Protein chains: 2
Amino acid sequence: MNDTTPRTAVRMTRQRAAVAGALGDTDEFCSAQQLHERLRTRGDAVGLATVYRTLQTMADSGDVDVLRGEDGENLYRRCERSEHHHHLVCRVCGRAVEIDGPSVEAWAASVGAAHGFADIDHTVELWGTCVQCRR
Amino acid sequence: MNDTTPRTAVRMTRQRAAVAGALGDTDEFCSAQQLHERLRTRGDAVGLATVYRTLQTMADSGDVDVLRGEDGENLYRRCERSEHHHHLVCRVCGRAVEIDGPSVEAWAASVGAAHGFADIDHTVELWGTCVQCRR
DNA sequence: AGTCGTGATGAGAACGGTTGTCAACTCGAC
DNA sequence: GTCGAGTTGACAACCGTTCTCATCACGACT
């Protein structure tokens with residue numbers, strides 16, 4: 001009954017290594033399905049459900065950033081910073097820049113409080129077209 | 001070839017009036033399905049597809065605000081201001097306050113430009129729990 | 001190296017929101 | 001009243017994501 005004996009160990013499997021590897025290959029946000037396809041063509045086939053599960057787990061533990069694309073699907077990218085931050089994402093290729101809005105956090109909290117709302121959470125993402133994709 | 005003869009008139013139908021009426025009843029953001037259900041119990045039955053189509057049309061013309069809920073579904077609310085603005089939404093009841101982040105717009109544009117991104121668009125929504133729902 | 005328990009996997013079904021299909025309908029201009 | 005084009009509704013199709021469950025394989029412990 002002591003915590004020194006983790007009851008739920010996270011096992012390292014070929015599949016998890018593959019997903020992590022594929023994510024490490026790029027700076028761009030990509031969907032679970034894109035990742036699944038990339039792994040398949042790479043010869044590192046992993047079940048789609050597993051890709052979803054793995055990404056979810058990694059997102060929970062803060063190993064990947066998740067954000068909802070403009071069409072509603074979830075996009076993932078390996079996380080470079082563990083602190084809270086936002087993104088400037090290219091809507092064409094998915095390339096992203098991590099940014100922080102120094103004032104945003106404070107602004108969100110104060111606006112929330114001013115209207116009597118608690119547990120304020122905020123969504124702040126910037127979409128644009130990067131130089132390469134602009135042509 | 002002159003604009004004085006609109007080729008595609010928007011017709012006022014019982015269904016559109018019903019959807020508009022249901023939206024006018026509340027200040028809260030609600031989903032297409034909630035609206036559909038509300039209309040049904042009200043005796044003003046409208047097909048689900050029609051509710052979706054009508055909301056989409058109204059959103060395009062700026063008559064309703066749309067935002068994507070935390071679970072990914074689209075939420076609609078009658079629009080009070082046509083100018084660009086953001087929302088502070090109660091994640092429990094959907095009640096919302098229209099807000100504007102004076103600095104947000106400028107900040108988004110400058111960050112985008114600084115990284116060579118064009119056509120910057122931004123998503124800024126605040127979620128919280130309102131007084132009534134806090135208990 | 002062999003055992004074993006439990007977490008992990010994958011194929012496919014299920015789900016939930018949304019959009020497409022198409023024949024029947026109805027608004028509204030004439 | 002007529003007529004045509006926009007509109008509607010029941011239902012199928014879509015699509016991303018999650019669930020199911022039998023089978024597999026880490027890895028801790030011999």
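Note that the structure is predicted; figures quoted are calculated from it, not measured. Chain letters run A, B, ... following the sequence lines, proteins first, then strands; residues in each count from 1.
Cluster partners of B:Val92: none. The rule joins Ile, Leu, Val, Met, Phe, Trp and Tyr whenever side-chain heavy atoms lie under 4.5 Å apart, and it links nothing here. Cluster note: A:Val131 groups with no other residue, as no ILVMFWY side-chain heavy atom lies under 4.5 Å from it.
For residues 37-66 of chain A, there are no ring pair (Phe, Tyr, Trp, His ring centres under 6.0 Å) pairs, not counting sequence neighbours. Pairs engaging residues 99-109 of chain B under the side chain to side chain donor-acceptor pair (under 3.5 Å) rule: B:Arg81-B:Asp100, B:His84-B:Glu105, B:His86-B:Glu105, B:Glu105-B:His122 [sequence neighbours left out]. Pairs engaging residues 57-74 of chain B under the salt bridge (Lys or Arg N to Asp or Glu O under 4.0 Å) rule: B:Glu70-B:Arg91 [sequence neighbours left out].
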Per-nucleotide protein contact string for nucleotides 13-24 of chain D, where B marks a base within reach and S marks sugar-phosphate only (heavy atoms under 4.0 Å, - for neither): ---BBBBB----

Nucleic acid footprint by protein, nucleotides 24-30 of chain C - heavy-atom cut-off 4.0 Å, B for base, S for sugar-phosphate alone: --BBS--

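Distance NE2 (B:His36) to C1' (D:dA10): 11 Å, rounded to an integer number of Å. For the pair B:Glu37 CD and C:dG17 P, the computed distance is 13 Å after rounding to whole Å. Whole-Å rounding puts the A:Arg16 CZ to C:dG7 P distance at 11 Å. Atom C1' of nucleotide C:dT9 and atom CG of A:Leu39 are separated by 14 Å, given to the nearest angstrom.
Between the two ends of the helix from C:dA1-D:dT30 to C:dC30-D:dG1, each summarised by a five-pair axis, the helix axis turns through 30° (rounded to 10 degrees).
Put simply, the side chain of B:His36 never gets that close to the backbone of B:Val51: no donor and acceptor are under 3.5 Å apart.
For the side-chain hydrogen bond (donor to acceptor under 3.5 Å, both in side chains) test, residues two or more places apart in sequence or in another chain that qualify with A:Arg40 are A:Glu37. When the side-chain hydrogen bond (donor to acceptor under 3.5 Å, both in side chains) test is applied to A:Thr50, the partners found at least two apart in sequence or on another chain are A:Arg53. Partners of B:Arg16 by side-chain hydrogen bond (donor to acceptor under 3.5 Å, both in side chains), not counting sequence neighbours: none found.
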Side-chain donor-acceptor distances from residues 19-29 of chain B under 3.5 Å, at least two apart:
from, atom 1, to, atom 2, distance (Å)
B:Asp25, OD2, B:Arg42, NH2, 2.2
B:Thr26, OG1, B:Glu28, N, 2.9
B:Asp27, OD1, B:Arg78, NH2, 3.1

